[in-house]
Amino acid sequence: MAEVRTRIAPAPSGSIHVGNARTALYNWLFARHHGGVFVLRVEDTDAKRATEEAYAAVVEDLRWLGLTWDEGPEVGGPFGPYRQSERSGRYRAAVMQLLDSGHAYRCYCTPEELAERRQRALGEGRTPGYDGHCRHLSDADIARYEAEGRRWAVRFAVPPGRTIAFEDVVRGEIATPTERIPDFVIARADGSPTYVLAAGLDDALMNITHVIRGEDLIPATPRQLLLREALGITDRPVFAHLPLLVDGSGRPLSKRWGDVAVRAYRERGFVPEAMVNYLALLGWSYDDRTNIFSVQELIERFSLERVGRNPATFDVAKLEWLNQHYIKQMPPSRLAEQIRPFCIAAGLDAAGDEGRALLERVAPLLSERLKRLSDAPAMVAFLFRRMAPDERAAEALQGQGEYLGAAADALEGLERWDRADIEAALRALAERRGLKPRRAFQPIRAAITGTLVSPPLFESLEILGRDETLARLRAAAGQPVAAAGGKA
Ligand code: GLU
């Protein structure tokens with residue numbers, strides 16, 4: 001096989017849709033598996049939607065997922081430019097060539113006329129679609145339209161009586177009689193190319209060998225094959241159309257369902273490892289048992305032959321399960337880095353070196369407890385500031401003043417401030433008082449963290465430090481507090 005070249009061609013309309021992220025991932029995995037090239041091509045010809053922020057969001061999402069591109073914006077490559085807004089000369093030349101060779105024609109129909117004829121067709125039970133009105137205009141018709149100052153689009157003249165077939169790796173042979181393909185627009189009245197032309201041409205010019213994209217684009221494929229033929233391009237890529245993504249009730253994923261943007265998952269505390277693993281399973285499987293795949297394993301195992309045809313259901317619970325798995329596995333230093341932006345956003349002073357060090361120390365305590373990164377701030381806030389007790393903590397503190405003072409006394413004299421000695425001292429106190437551990441430790445937890453759910457208590461105290469621990473216990477005991485280490 002010649003060098004594999006795949007591409008993702010997002011239209012920059014803000015954060016990418018999970019469906020496009022899945023498509024990007026499959027293209028990327030396929031290219032990496034074959035030691036080929038993954039191209040990013042940005043479909044930013046629609047000037048209204050394609051803002052620079054929307055473009056930046058796409059790039060950021062792909063980077064977050066780790067889908068590095070070998071050719072494309074920012075990195076360049078031999079087939080650039082890779083933003084379609086910078087390739088208009090090429091599209092214009094192709095449109096001219098098709099007009100000159102008689103494969104395309106000027107269409108002077110106005111939107112109103114098209115809408116009216118469409119209504120009529122529907123009313124008469126005919127399939128709507130362009131009716132070929134301008135395909136054989138006489139010179140006189142053309143002169144009249146020009147004199148009226150009408151603007152024209154360019155339509156491809158679909159040849160009658162043929163069948164355009166291709167072998168789809170996922171779906172098998174797909175054959176479309178040309179009777180079912182109306183003459184489609186390739187350039188709009190303002191001269192801009194349509195998606196079908198721009199993407200079809202660029203796939204050819206960029207030597208894309210495998211076009212892997214959503215099955216909603218199946219209708220574009222015979223059109224793009226016709227365009228290739230008319231432009232004299234003799235080779236064609238391999239096509240693989242990926243199954244639809246659906247929600248729990250089988251409807252295509254859409255904004256009505258909930259979050260469909262990759263960014264929303266990132267902001268809700270999902271880690272990229274989980275997202276990548278999860279997206280990989282949306283339409284592809286290796287066997288019936290294995291769900292967990294590292295990126296390296298995915299690269300080794302991925303093949304288009306194992307992509308299924310059935311719609312793939314997006315299941316947030318499974319994504320969450322994978323998220324927890326990857327958080328558990330994460331080295332503490334990486335986990336600390338990952339939770340830091342969430343802590344900063346929650347108003348914790350985690351931006352500086354001290355905050356970073358604190359998060360690194362507490363990270364090992366969190367691994368087992370986080371479903372999402374966004375759960376972290378509430379669990380670590382007590383390390384950064386004194387927390388007013390929540391309702392349940394306040395209840396647990398009722399009438400515990402004397403006991404909390406005794407706990408402070410028991411800890412004050414410790415020679416070493418570490419988890420084991422803290423635990424021994426507090427257990428000894430509980431025993432002297434005849435208290436069961438839960439009863440004994442709850443008020444302490446409440447006094448220190450302001451909640452009853454927090455990371456393990458003794459480790460927490462160790463990290464918080466002796467001065468601050470004693471200060472909080474004494475404050476909760478209603479005792480005067482000696483100046484404490486600045487965490488007021
Ligand atoms: N911009 C198209 C989309 O995001 C890409 C189409 C293609 O892959 O050919 O759906």
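Note that the numbering runs from 1 along the sequence shown for the chain. Read the numbers this way: they start at 1 and go in the same order the structure lists the ligands and their atoms. What's counted below: heavy atoms across the whole structure, side chains too, no hydrogens, waters or symmetry copies.
- Counting only distance, with no hydrogens or angles, the side chain of D375 and the backbone of K371 share a donor-acceptor pair below 3.5 Å.
- Judged by the 6.0 Å and 45° rule, R22 forms a cation-pi pair with Y26.
- Nearest residue to atom 4 (O) of ligand 1 from N20, I16, V58 is N20 (criterion: closest heavy atom).
- Ring centroids of F314 and Y265 are separated by less than 6.0 Å, placing the two rings close together.
- Inter-residue side-chain proximity for I181 and L226 is flagged as met; some heavy-atom pair is nearer than 4.5 Å.
- Remark: minimum distance from atom 1 (N) of ligand 1 to any protein heavy atom is reached at E43 OE1, 2.6 Å.
- Regarding atom 9 (O) of ligand 1, its nearest protein heavy-atom neighbour is Y195 OH, 2.6 Å.
- For atom 3 (C) of ligand 1, the nearest protein heavy atom (residue, atom name, distance) is A9 O, 4.2 Å.
- Only the side chain of L217 comes within 4.0 Å of ligand 1, judged by heavy-atom distances.
- The one candidate from R41, R87, E71 that meets the side-chain hydrogen bond (donor to acceptor under 3.5 Å, both in side chains) condition with Y82 is E71.
- Judged by the shortest distance from any of its heavy atoms, H17 lies outside the 4.0 Å radius around the atoms of ligand 1.
- Relative to the six-membered ring of W152, R106 meets both conditions, a distance below 6.0 Å and an angle of at most 45° to the axis.
- Close approach of ligand 1 to R7 (heavy-atom distance below 4.0 Å) involves ligand atoms 7 (C), 8 (O), 9 (O).
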